[in-house]
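First up is the structure itself, then whatever we jot down about it.
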Amino acid sequence: MWIKKHLEREWFTVFATPAMLWQILFLLIPLSALLFFSFLEKTPTGWLLSLTHYQTILKPIYITAISSSLFFSFLTTLLCVLVAYPVAYFIAFMVKRGQNFLLMLLVMPSWTNIITQIYAWFVLLQKNGVVSKAISALHITNTPIHLLNNKPVIIMGLVYCFLPFMVLPIYLSLLSIKKNLIEASADLGATDLQTFW
């Protein structure tokens, strides 16, 4: 009887415990170990406290790599928001039937491994790939063009891979907006832009 009452009161904790243990074992403990060892340096006499690893980060080659990664991540996030919001808005408010079908089409690419998705882009954009052959067939250029290994293509690939992860949360947030709040906004004289804001 006591166990049943306790489970009814603490059901969330009971069901969340496996996920929390998973996070602790496979995320928090390895990250803590990584942080701990980042302050140590192995010497012939043993381990010593050191900031050598952090000094290494300040080398120009690593600064370039970090700044490049931050640039790509910022631009990818920005483009994902600019594309994902209209898509999520369209599915949530404009589509009356077939929302689940559109969501399935959106999520389906993420069923495959991200490495497979990237290699699919290689097949399309390599020197003798599908896009290059199509451009040659349309007589836009006579020589095959190599579309890989440049910033726009990298950003396009990143946006393609991460777009579903941006659309779904925005879609669910938009779906939770009550329609009567939008109607009330219109009744009170708000413009479409004010209601959107």
Side-chain angles (χ1 to χ4, degrees), residues 7-8 10-28 30-31 68-126 129-135 138 147-188 190-197:
L7 283 176
E8 285 173 0
E10 302 292 333
W11 66 271
F12 179 78
T13 307
V14 170
F15 286 110
T17 300
M20 289 189 318
L21 286 173
W22 184 271
Q23 291 286 328
I24 290 166
L25 285 172
F26 298 107
L27 183 69
L28 292 179
L31 283 176
S68 179
S69 296
L70 290 173
F71 167 76
F72 282 124
S73 62
F74 174 76
L75 202 55
T76 301
T77 304
L78 184 67
L79 289 172
C80 278
V81 169
L82 291 175
V83 175
Y85 197 93
V87 171
Y89 186 89
F90 175 77
I91 295 172
F93 293 122
M94 303 295 179
V95 176
K96 302 300 178 198
R97 292 184 196 169
Q99 283 184 342
N100 291 336
F101 177 72
L102 289 175
L103 287 172
M104 186 190 75
L105 288 179
L106 187 73
V107 172
M108 202 179 291
S110 62
W111 291 352
T112 59
N113 190 317
I114 197 163
I115 304 295
T116 310
Q117 293 177 42
I118 300 289
Y119 273 107
W121 281 101
F122 275 96
V123 171
L124 289 172
L125 300 174
Q126 65 188 347
V130 176
V131 174
S132 181
K133 286 180 181 175
I135 290 171
L138 293 169
L147 298 169
L148 293 173
N149 304 327
N150 57 52
K151 286 182 182 177
V153 169
I154 292 169
I155 290 166
M156 185 174 68
L158 287 168
V159 169
Y160 170 79
C161 289
F162 292 111
L163 192 62
F165 300 107
M166 182 74 78
V167 173
L168 286 174
I170 294 173
Y171 166 76
L172 291 173
S173 297
L174 291 174
L175 215 57
S176 67
I177 295 173
K178 293 175 182 171
K179 298 268 168 74
N180 58 5
L181 290 176
I182 297 169
E183 291 168 8
S185 175
D187 290 344
L188 292 169
T191 64
D192 290 342
L193 190 61
Q194 288 171 325
T195 303
F196 173 81
W197 185 251

The side-chain hydrogen bond (donor to acceptor under 3.5 Å, both in side chains) partners of Ser185 (sequence neighbours excluded) come to Thr195
Return a table of donor-acceptor pairs under 3.5 angstrom between the side chains of residues 90-103 and protein atoms on other chains or two or more places apart.
{"from": "Gln99", "atom 1": "OE1", "to": "Tyr171", "atom 2": "OH", "distance (Å)": "3.3"}
{"from": "Gln99", "atom 1": "NE2", "to": "Ile91", "atom 2": "O", "distance (Å)": "2.7"}
{"from": "Gln99", "atom 1": "NE2", "to": "Ala92", "atom 2": "O", "distance (Å)": "3.3"}
{"from": "Gln99", "atom 1": "NE2", "to": "Val95", "atom 2": "O", "distance (Å)": "3.3"}

For [X], all residues meeting side-chain contact (heavy atoms from CB on, under 4.5 Å), sequence neighbours excluded:
X	answer
Leu27	Gln23, Leu31
Ile135	Val131, Ile140, Thr141, Ile145
Gln194	Ala190, Thr191

Count the heavy atoms belonging to other residues, nucleotides or ligands that lie under 6.0 Å from CZ of Phe72, then report whether that count exceeds 12. yes
Sequence neighbours excluded and cut-off under 3.5 Å, please list the side-chain donor-acceptor pairs for residues 106-116, or say none.
{"from": "Ser110", "atom 1": "OG", "to": "Val107", "atom 2": "O", "distance (Å)": "2.6"}
{"from": "Thr112", "atom 1": "OG1", "to": "Pro109", "atom 2": "O", "distance (Å)": "2.8"}
{"from": "Asn113", "atom 1": "OD1", "to": "Ile115", "atom 2": "N", "distance (Å)": "2.9"}

Which atom pair, heavy atoms only, marks the closest approach of [X] to [Y]?
X	Y	value
Thr77	Ser73	OG1-O, 2.7 Å
Ala88	Ile170	CB-CG2, 3.6 Å
Ala84	Val167	CB-CG2, 3.5 Å
Leu25	Pro30	O-CD, 3.3 Å

Separation between OG (Ser132) and CG (Leu124), nearest 0.5 Å, reads 11.5 Å
Measure the spacing between CD1 of Ile154 and CG of Asn149 and express it to the nearest 0.5 Å.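 If we round to the nearest 0.5 Å, Ile154:CD1 and Asn149:CG are 7.0 Å apart.
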[X]: ring-ring contact (aromatic ring centres under 6.0 Å, His included) partners, not counting sequence neighbours:
X	result
Tyr160	Trp121
Phe71	none
Tyr85	Phe196
Trp197	none

May I have the list of side-chain donor-acceptor pairs in residues 173-181 shorter than 3.5 Å, sequence neighbours left out?
{"from": "Ser173", "atom 1": "OG", "to": "Pro169", "atom 2": "O", "distance (Å)": "3.0"}
{"from": "Ser176", "atom 1": "OG", "to": "Ser173", "atom 2": "O", "distance (Å)": "2.7"}

